[in-house]
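For reference, the structure discussed in these notes is given below.
Numbers restart at 1 for each chain; the letters A, B, ... are given by sequence-line order, proteins then strands.
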Amino acid sequence: MKSHTKYLWFNTKKRREYINITGEVEEAVRESGIREGMVLVSAMHITAGVYVNDAEPGIIQDIDEMLEQIAPYGKPYRHHQTGEDNGDAHLKSILVHHQVIVPVTNGKLDLGPWQQVYYAEFDGQRRKRVIIKVMGD
Amino acid sequence: MKSHTKYLWFNTKKRREYINITGEVEEAVRESGIREGMVLVSAMHITAGVYVNDAEPGIIQDIDEMLEQIAPYGKPYRHHQTGEDNGDAHLKSILVHHQVIVPVTNGKLDLGPWQQVYYAEFDGQRRKRVIIKVMGD
Amino acid sequence: MKSHTKYLWFNTKKRREYINITGEVEEAVRESGIREGMVLVSAMHITAGVYVNDAEPGIIQDIDEMLEQIAPYGKPYRHHQTGEDNGDAHLKSILVHHQVIVPVTNGKLDLGPWQQVYYAEFDGQRRKRVIIKVMGD
């Protein structure tokens, strides 16, 4: 089994941002030379997520609104007794999940027609990291 | 590392359906000849999910009702400004997650006593696809 | 590809408990001798979850409260017509997801600074199991 690991860094302007990273994942697969296998794309922070969905601005806002409805920013979470103010971001990360696996077939991401890989930042304006690990042959 | 890839096609009669695909996943593992490794089972559309849970009709309805409560069909989602009417299906896909990994041990799915693999269709009545990729030795 | 499989058993005192299993996952990687690859950590029951987040008691309570708000214990779920009383635990398992993949780099879990692996028991006081499968080279 071959493997290739790289890290993406983010430092968003806004507290919450949704960033299409499909191109970076494709590039990691190309660099790896792997033809058959998979790529793990996983947030390395507990206030961010990674998901696969549509590159359509309306649905991105719908996702954000659903998460705000379930776990609103500014609610007095117990976590805030530590001095933090990002309890909502932890909960949003749990709901969205912090990672995806993208299958690799014939050297390419084996995604459906509308599937794009997104980094979901829920507590930005600081340096955060995602790991991309390609594994296969 | 060996790998074996196949695709399942669905075209459900109803808008939302929950289909037990454990048999198909088992068959893919048998075909692969892989004894140790894992199977990725992943929806290739952004309005469907894949999950592991119980083959009990009541809990399937409970799952459906929970998802409808959080992201109801027919709400005026921003995504609908594109002409689509399936914003709820995108949100349900995010909540359920679109993929699972099933471990393979001694050539068999290493699932617990009640674990079954389900395809969750949230915007059916059209051709949709799932990828099954077995990886291991 | 090498692989190493082990099972963790739990029998919690309370109905719902959140248990940090990062040490057990690290130990499995050490035992495997694998330097590059990943570890699948997956609940084998349909009323439990596995997630990656913070080892901070406040946020654990916040997660529990969010799940109780969406899928409260004691609601008359359809699943209860079978005689069971754990419909909430199935739904919580769906929301949290039942598994994570932890990347392994240079023989170590490649986690971010605050990432810890948690077993989330939603219907405890009985013997339950988690599979840990390390795969790589």
Worksheet entry | Any side-chain heavy-atom pair of C:Ile34 and C:Val29 under 4.5 Å | no
Worksheet item: For C:Ile70, is it the side chain, the backbone, both or neither that has a heavy atom under 4.5 Å from a heavy atom of chain B?
Response: both
Response to the item:
Nearest heavy-atom approach of B:Ala43 to B:Ala48 is CB-O, 4.0 Å
Worksheet item: For C:Val25, which of C:Leu8, C:Ile132, C:Val100, C:Val104 qualifies under side chain to side chain contact (heavy atoms under 4.5 Å, CB included)?
Response: C:Ile132
Worksheet item: Can you name the nearest heavy-atom pair linking B:Leu91 to B:Ala71, along with the distance?
Response: CB-CB, 3.7 Å
Practice prompt. For the residue pair C:Val39 and C:Ile101, establish whether any side-chain heavy-atom pair is separated by less than 4.5 Å.
Written response: no
Worksheet item: Relative to chain B, which segment of C:Ile131 carries a heavy atom at a distance below 4.5 Å: side chain, backbone, both, or neither?
Response: side chain
Discussion item. Strictly by salt bridge (Lys or Arg N to Asp or Glu O under 4.0 Å), give each pair with a member in residues 38-52 of chain B just once, sequence neighbours left out.
Written reply: none
Across chain C and chain B, going purely by atom type as modelled, what donor-acceptor pairs are there at a distance under 3.5 Å?
residue  : atom : partner  : partner atom : Å
B:Glu36  : OE1  : C:Ser3   : OG           : 3.3
B:Glu36  : OE1  : C:Lys133 : NZ           : 2.8
B:Asn53  : OD1  : C:His90  : ND1          : 2.8
B:Asn53  : ND2  : C:Ile46  : O            : 3.3
B:Glu56  : OE1  : C:His79  : ND1          : 2.5
B:Asp62  : OD1  : C:Arg78  : N            : 2.9
B:Asp62  : OD2  : C:Arg78  : N            : 3.3
B:Asp62  : OD2  : C:His79  : N            : 2.9
B:Glu65  : OE2  : C:Arg78  : NE           : 2.8
B:Glu65  : OE2  : C:Arg78  : NH2          : 2.9
B:Ile101 : N    : C:Gln99  : OE1          : 2.6
B:Ile101 : O    : C:Gln99  : NE2          : 2.8
B:Val104 : O    : C:Lys133 : NZ           : 2.9
B:Thr105 : OG1  : C:Lys133 : NZ           : 2.9
B:Asp110 : OD2  : C:Tyr7   : OH           : 2.6
B:Gln115 : NE2  : C:Ala43  : O            : 2.8
B:Asp137 : OD2  : C:Met1   : N            : 2.9

Worksheet item: What residue in C:Leu40, C:Ile46, C:Ile94 has the most heavy-atom pairs under 4.5 Å with chain B?
Response: C:Ile46
Worksheet item: With only heavy atoms counted, which part of B:Leu111 is less than 4.5 Å from chain C, the side chain, the backbone, both or neither?
Response: backbone
Worksheet entry | Contact origin within B:Pro57 toward chain C - heavy atom pairs under 4.5 Å | neither
